[in-house]
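Here the structure is laid out as structure tokens; the discussion comes afterwards.
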Amino acid sequence: MTLKGKRILLGMTGGIAAYKAAELARLLGKAGCDVRVAMTEAATRFVTPVTMQALTGQTVWTDLWDPRVADNMSHIELSRDRELVLIAPASADFLAKVACGLADDLLSTLVLARRCGLMVAPAMNVEMWGNPATQRNLRTLRADGIAFAGPAAGDQACGETGMGRMLEPADVVAEVEAFFQPKTLAGKRVLVTAGPTEEPIDPVRMITNASSGKMGFAVARAAREAGARVTLVSGPVALATPAGVERVDVRSARQMFDAVKAAIRGQQVFVSVAAVADWSVKNPAKRKIKKVDGRAPVLEFEENPDILAWVAARKSAPFCVGFAAESEKVAAHAEQKRANKGVPLIAANLVQEALGTDDNAITLFDARGRHPLGRGPKIELARKLVAHIAGMLAKKRR
Ligand code: C5P
């Protein structure tokens with residue numbers, strides 16, 4: 001499910017991060033959302049309503065006493081047809097108001113009067129964020145079921161550094177997408193491996209598999225969107241960690257095995273997307289091997305542990321999902337792999353289609369047969385895979 005047609009009310013409060021809300025409105029619009037904007041009086045000091053009106057093509061609302069609204073019910077009407085109220089930036093003051101249920105301007109009143117979900121993207125100085133009063137308010141807001149997008153840590157407009165920066169607009173959009181995903185794995189713990197492994201030959205050379213990690217990271221993101229607590233064990237890749245996912249970085253297959261062993265207890269689902277090297281070099285050289293003309297080195301290999309097979313063979317094994325990247329005869333290899341590894345579900349793709357790209361085509365193989373997920377962006381395929389896993393888990397329980 002994408003954001004196409006989603007009806008969002010973007011509420012802006014007073015803070016320098018309001019400039020990011022302009023870009024956010026544009027990105028939401030580009031994703032196909034119907035965006036309406038309401039601003040507090042303080043927000044209009046940072047960005048003008050004209051800016052937001054030009055970006056959304058819609059009237060911008062700032063006043064509870066707006067004479068354009070005949071019955072003075074803008075605080076009710078503005079939120080009634082909305083599917084989400086998104087406050088970005090959400091100032092410390094505004095979060096305090098929401099936590100207390102105060103309603104003394106248009107935005108706080110419509111938040112209190114809304115029927116739909118509420119997400120806040122906090123933005124404030126590091127000390128304001130850390131203040132016990134703010135922390136107390138955050139606990140209240142979380143207990144009230146309010147969703148959070150960020151904040152992040154980093155440089156702040158005031159010159160200080162720390163927690164309280166508003167998320168970048170694209171990251172807020174990702175959180176909005178997550179908000180609308182069905183929570184099919186709520187309360188579950190999911191472990192994912194992703195990326196390649198590197199097996200050293202000497203301190204500067206190694207053997208590796210071609211893998212960008214994109215599919216594994218998409219699976220981790222999709223599982224977290226579905227409400228799971230996700231741990232991602234990743235080989236060396238150049239990808240940002242999906243929001244809300246705990247990441248453990250490793251290099252070699254051995255290290256990946258150790259990280260999986262350390263994290264496996266209490267997991268209900270294990271999705272092994274990593275392209276683990278099948279062999280490592282026996283006794284890698286401690287010093288760089290010098291080039292000698294006419295004498296190419298001969299490497300001796302030893303087999304790496306099969307991480308997925310090890311997890312699947314455990315007494316209290318989680319629900320295991322393997323990936324099969326094949327260059328030919330995908331179905332036959334996938335079925336064979338499902339049997340060999342002793343896992344209930346294999347996701348198969350052609351390496352020619354999957355490697356490094358943002359799109360992929362996946363077919364699932366389980367005891368009931370084959371289920372083509374079609375072709376599409378890796379995140380959408382990952383969401384379909386997560387839905388399939390959740391369906392199989394639910395059947396298992398029955
Ligand atoms: O390499 P192979 O084709 O057997 O990989 C199939 C599945 O097994 C993948 O899910 C991969 O992550 C996993 N695997 C593993 N440990 C290995 C090799 C593969 O967990 N040493």
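Order of listing sets the numbers, starting from 1, for every ligand and every atom in it. Remember, predicted model here, so these are calculated numbers, not experimental data.
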A student checking ligand 1 against Asp278 at a 4.0 Å heavy-atom cut-off should list atoms 1 (O), 18 (C)
Quick one: does any side-chain atom of Ser108 pair with a main-chain N or O of Asp104 as donor and acceptor, under 3.5 Å?
yes
Can Val386 be reached from Val273 by stepping across I, L, V, M, F, W or Y side chains whose heavy atoms are under 4.5 Å apart?
yes
Between Phe257 and Trp310, what is the ring plane arrangement, given parallel below 30°, perpendicular above 60°, and tilted in between?
perpendicular
Name the option, out of Val273, Val311, Asn209, Val276, that contains the heavy atom nearest to atom 18 (C) of ligand 1.
Val276
Ligand 1 and Asn304, any nitrogen or oxygen pair closer than 3.5 angstrom?
no
Heavy-atom distances under 4.0 Å decide this one: backbone, side chain, both or neither, for Pro305 against ligand 1?
backbone
Grouping I, L, V, M, F, W and Y whenever their side-chain heavy atoms are under 4.5 Å apart, do Ile289 and Ile207 come out in a common cluster?
yes
Salt bridge (Lys or Arg N to Asp or Glu O under 4.0 Å) partner of Glu177, the single match among Lys4, Arg221, Lys6
Arg221
Nearest option to atom 11 (C) of ligand 1, as decided by whichever heavy atom of Ala274, Cys320, Gly322 sits closest
Ala274
Does an N or O anywhere in Leu308 fall below 3.5 Å from an N or O of ligand 1?
yes
What is the nearest protein non-hydrogen atom to atom 3 (O) of ligand 1, stated with its residue, atom name and distance?
Lys337 NZ, 2.3 Å
Hey, is Lys341 one of the residues with a heavy atom under 4.0 angstrom from ligand 1?
yes
Counting non-hydrogen protein atoms only, what is the nearest one to atom 6 (C) of ligand 1? Give residue, atom name and distance.
Phe323 O, 3.1 Å
Can an N or O of Thr193 be found at a distance shorter than 3.5 Å from an N or O of ligand 1?
no
Looking only at protein heavy atoms, which one is nearest to atom 16 (N) of ligand 1, and how far off is it?
Ile307 N, 3.0 Å
Side-chain donor-acceptor contact under 3.5 Å, Asn304 with Ser280:
yes
On the ring face of Trp61, is Arg68 found with NZ or CZ under 6.0 Å from the centre and within 45° of the axis?
yes
Are Thr197 and Glu199 close enough that a side-chain donor and a side-chain acceptor fall under 3.5 Å?
yes
Nearest non-hydrogen protein atom, atom 10 (O) of ligand 1
Ser272 O, 2.5 Å
